[in-house]
2 protein chains.
Amino acid sequence: MDGILVSYRLPPLNGLRAFEAAGRHLSFKLAAQELSVTPGAVSQQIKHLEQILGVPLFQRMPRGLTLTGHGEAMLPTISDAFERMSAAADAVARTLPTKALRLGVSPNLTEDPHGLLAKLANTEQSPDYVQITSTDDVANLLSGALDAILRPGPGPYPGMHAELLNLHQAFSPHAQASLVVWPGLAKCREFLKTRSLLGSPG
Amino acid sequence: MDGILVSYRLPPLNGLRAFEAAGRHLSFKLAAQELSVTPGAVSQQIKHLEQILGVPLFQRMPRGLTLTGHGEAMLPTISDAFERMSAAADAVARTLPTKALRLGVSPNLTEDPHGLLAKLANTEQSPDYVQITSTDDVANLLSGALDAILRPGPGPYPGMHAELLNLHQAFSPHAQASLVVWPGLAKCREFLKTRSLLGSPG
DNA sequence: CAGTTGAGTTAGATTTTCTAATCTGCGCGC
DNA sequence: GCGCGCAGATTAGAAAATCTAACTCAACTG
């Protein structure tokens, strides 16, 4: 009958996440891209958060965003808190979700005249520790469906570990490509082996 | 075509919330109580989180819980991050969600022989700044449906601002009651007025 | 002035999350 | 030693949160 339990008040966490991304980009559109949803979803989440808090966080202009004083006051702490959570979770999470590194390769790179992809996928040069999929979509990293992605060009990929490689036997039409992985996987054996199969640091 | 956007990886936030509460209480049941859900929901959320992270966070015994090494490593940082978020949001949130203080009064106190409740609710002594509901349920505070709750007995109400009052014209059968509010509302005008109407510091 | 861009809004679909009921294993008291 | 109670697991189905898709609006662009 006794022992009333309460804890600190917490606004909707997904709304906070949307706020944090939108505040960082100062754009609902970019935030939506980062979160792999539509801008409308971000708009709704943030509107909901603002209703709960009772204060507006953004000043909407027909084109672009500004943080209100409240938003500006809140953003650094929220960003920081998410970063800490992310770091804590990464430190604990199993480094490799499966026994093999699940690698997505950009379709632009699969026009492969030298068969490097095929080698990676099928020959003894590509043992069990790498699984290849033909995809370009960074969302696969975010969702955890893939561990790494190989894409032409240098990036940037803020928040991820990305290495620009000189591909060993050039994938046409690109000589260089970025190998992008979760930061936590940058030192894992499967990643290092795969990297050396693909090329050398550029 | 360019401008790939990624951010830090983040496990399911609601799962983290459940983990944090369960880790603090070392009990799914108490965590569920704190979060105003059933223990089954907590169990599911945490199982999901463990699947995403790829590591177990709790060691389940038929009776009671233990944190695994991973859980123990993660808990302090996660708790800390939630506290920071909560503080940042509280600092920014409007102190009073509506113009009136929405007060819940324990049904145990409504057997009110002296009509103080009625006075509060209906007479000129209770102006527009207080709205009374007959309820006991702390979940109404957590959900934001109410701003304050008056309950017999001393608490404790960890994380909330609670004041033990000697009720002015004793509510039967209790002479003392706790006025429990969100910490952010402890200094607001409507709260102070309502408190003085109810009683004096005990 | 037409075209583009970014944000708001809505209804309906989808997915997530919760509940309620049942099951399991262990400790405790009688 | 043997029910009884307690805490957690599990499930199907219900409920709620969230997302999308389509459209609107306002301002900047050339």
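Here is the naming used below: chain letters follow the sequence lines, and residue numbers restart at 1 for every chain. Everything quoted here is computed from the prediction, not taken from an experiment.
In this structure, A:E50 contributes its side chain and A:F58 its backbone to a donor-acceptor pair below 3.5 Å.
Per the geometry, CG belonging to A:L30 stands 13 Å off P belonging to C:dT5, to the nearest Å. Summarising the geometry, the separation between CG on B:L13 and C1' on D:dT18 is reported as 14 Å, rounded to the nearest angstrom. D:dG8 atom P lies 15 Å from atom CG of B:L57, rounded to whole Å. In this structure, CZ of B:F19 is placed 20 Å from C1' of C:dT17, rounded to the nearest angstrom. Here the C1' atom of nucleotide C:dA7 and the NE2 atom of A:H25 are 16 Å apart, to the nearest Å. In this structure, A:L35 atom CG and D:dT20 atom P are separated by 10 Å, rounded to whole Å. The CD atom of A:Q45 sits 12 Å away from the C1' atom of C:dT16 (whole-angstrom rounding). Between the P atom of C:dT19 and the CZ atom of B:F28 lies a distance of 15 Å, rounded to the nearest Å.
Ranking C:dT19, D:dC19, D:dT10 by closeness to the A:V37 side chain, first place goes to D:dC19. Considering only the side chain of B:R60, D:dA9 comes nearest among D:dA9, C:dG8, C:dG6. Proximity note for A:A41 (side chain, C-beta onward) versus C:dG6, D:dA9, D:dC19: the nearest is D:dC19. Of the candidate nucleotides D:dA7, C:dA7, D:dA9, D:dA7 has the atom nearest to the side chain of B:K29.
Note on B:T38: every side-chain N or O is 4.0 Å or more away from OP1 and OP2 of C:dC18. For B:N14 and C:dT17, the shortest distance from a side-chain N or O to OP1 or OP2 is below 4.0 Å. Look at B:K47 and you won't find any side-chain N or O under 4.0 angstrom from OP1 or OP2 of D:dG8.
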Evaluation steps, side chain to side chain donor-acceptor pair (under 3.5 Å), between B:T68 and B:Q59: CA-CA 6 Å; B:T68 62; B:Q59 187 180 347; over 6 Å; no
Please evaluate residues B:R24 and B:E34 with respect to the criterion side chain to side chain contact (heavy atoms under 4.5 Å, CB included), reporting the C-alpha separation (whole Å), side-chain torsions for both, the decisive distance (0.1 Å), and the verdict. CA-CA 11 Å; B:R24 195 151 28 80; B:E34 169 175 323; 2.8 Å; yes
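The only option from B:L75, B:L65, B:L49 that meets the side-chain contact (heavy atoms from CB on, under 4.5 Å) definition with B:L57 turns out to be B:L49. For the side-chain contact (heavy atoms from CB on, under 4.5 Å) test with B:F19, the passing option among B:V42, B:L53, B:L67 is B:L67; the others fail.
For C:dT16, its base never sits under 3.5 Å from the side chain of B:Q44 at any donor and acceptor pair.
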